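Have a look at the structure below before the remarks.
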Amino acid sequence: MGDAWLGALYSAGAVPASHVPPGSPGRADLEEVAGAEAVEDADLATYPVTPDSAGPRVATFLDGVQYWKVIGYDGVVPIVRAHLAAAARRRGADRRLRTTAEAGRALLVTALGLVRPGVRAALEASGLALVDIPGDEAGQPGRALEAARGAVERARVELERSLGERVAAALAPDEWLVVDGLLSESAVLAGHPRALGVIKSHGAQYFSGAELERALTLTQGRRTSVFRPRGRARHEVYSWYLRLWPWEGNDLLYGLIRVEARAHPDTVVAASATAGWLARERAPLATPDTRWDRLLYPIWDVEQYLKARTPRELRPAPGSRLPKAAS
Amino acid sequence: MIDRTVASPAIGRVVATELKPSTPHQFHFWTGLETAIGIGAIVRVGGTGQGDGGRVVFGVVTDGFAYSDLASPLHDVAGADGDPVRAADAPTVRQEIRLWTAAVLRQEPAEPLQPVPLAQVFLATDTDIARALRMDAYLHSAQPTAVPIGLYSAGGLEAPVYLDADFLLGPEARFCCGSVLFCDGGSDALLRPDTF
């Protein structure tokens, strides 16, 4: 039905808007105090990764994106339109990535209880999935936007999880699945023997004191002991830190990723070889992305694929929002 | 033998940017990495009604480009720690493009002459070659006057090419002096090429 519903929405009293909040494409970083349970060593240690570890012959990489934009206000209640998408791209013997599975959703997010009946009717007639923000979270526009961001993010995580489980179920016997983000969001992925989660944002810390220092000052080409993350993890996984690039001269988190894998003794046995494989994935560089030090190229490639298929009107404007001066 | 009279699936798509726009006379298209397209190949754009507005364009490939998503050559060096051998060992091959430039041979309809639509690209069939080289007028007229003179071979294509007998016998061909044009007996010319 296209965007005809937008006309009805604005006719019903909603004021048109066009605002992509900062950081819209990415995932909000969560500051959390978590904990860890020792698995490989009683005291967190570091190990060299297996050099030039070949990795699996076939690997599939999965990532998702979220784009959202305020398309109008009813009074001071923002109306958000969101596009969610996830894709899996398989790398075979020819070392090229090809899309094997993808999923997408379009959402409208607002506080349905606070908008006028006419606006609500226009939203319901849009044909897009409606997500309601509780009225007490939407009294102030700033809070409403944060609530919308959370709703969009939860929907994206769910989309990635469902696609990841579908892909995992169809993996060939020698094929691995590498997911951007937490593996522990899904019981299926957390228990899969050939699934890995690669986490590049470190809002949650699992150690303190000397162990934290050991983890965050890893030198290039080394990993930490395998541990069991506590706190946010919904399903049991094993994890370890891995340094892809030297952090000295940059920042503690520069080139640092955290890997999640199945909570199984085999994960510990294979940790150095798996880490060696992931260390090889640092080339090709995922530039010009600013996160290239922690972003594996195949994951970036999935992002680029999804970005290319995102509706243009939801992508952030590349330049100033000021009107251009007439020549 | 490939049946060149039957349209094959699209082999590319016309793309245009501010720096490389489509014009009425030139366009750019990408293909898969494995393609029969090469310099001199004749292609057809549009004709499917999908994004072409019904316009059909025939073009001949005049140039080709290949590049990857590498932002800077320095990034390839950094990713391989300065070792060209390691660069070739990277687990993933970067995304690459084959981008071609083509010169317009013919547009249908001829008027109004407009920029080439951003539509699908097909390898030309024998029928397309006839239209692209404007041979259809004397090839498919009530009394065809087409004289076969050889094959157009490019981009994996071998399409018959014809001249118009009326043209050859008419005043427009008055400059074709001192030549013997064989309408038949081509093998004679092949066997004794220096005799003519």
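The model shown is predicted, which means the values in this text are computed figures rather than measured ones. Numbers restart at 1 for each chain; the letters A, B, ... are given by sequence-line order, proteins then strands.
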Problem set entry | pair Asp94(A)-Val93(B): side-chain heavy atoms closer than 4.5 Å |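 Sidechains of Val93(B) and Asp94(A): no contact.
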Heavy-atom contact with chain B under 4.5 Å, split by part of [X]:
X         : value
Trp277(A) : neither
Arg280(A) : both
Arg89(A)  : side chain

Problem set entry | Candidate pair Arg95(A) and Asp89(B), rule side-chain contact (heavy atoms from CB on, under 4.5 Å), full reasoning | CA-CA 10 Å; Arg95(A) 302 188 295 149; Asp89(B) 284 344; 5.8 Å; no
Exercise. What closest approach, in Å, do Glu96(B) and Arg96(A) show between heavy atoms, and which atom pair accounts for it?
Worked result: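 Scanning both residues completely, I find the closest heavy atoms to be OE2-NH2, 3.0 Å.
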Problem set entry | Crowding at CH2, Trp30(B) (>12 non-hydrogen neighbours, <6.0 Å) | no
For this session: Go through Ala78(B), Pro91(B), Ala90(B), Ser72(B) and name the one with the most non-hydrogen pairs under 4.5 angstrom from chain A.
Result: Pro91(B)
Exercise. Run the side-chain contact (heavy atoms from CB on, under 4.5 Å) check on Trp300(A) and Thr92(B) step by step: do they pass?
Worked result: CA-CA 12 Å; Trp300(A) 179 73; Thr92(B) 310; over 6 Å; no
Chain A contact via [X] - which portion, at a heavy-atom distance below 4.5 Å:
X        : answer
Asp81(B) : side chain
Leu70(B) : neither
Ala87(B) : neither

For this session: Kindly compute the distance separating OG1 (Thr287(A)) from NE2 (His75(B)), expressed to the nearest 0.5 Å.
Result: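 It is 4.5 Å, given to the nearest 0.5 Å.
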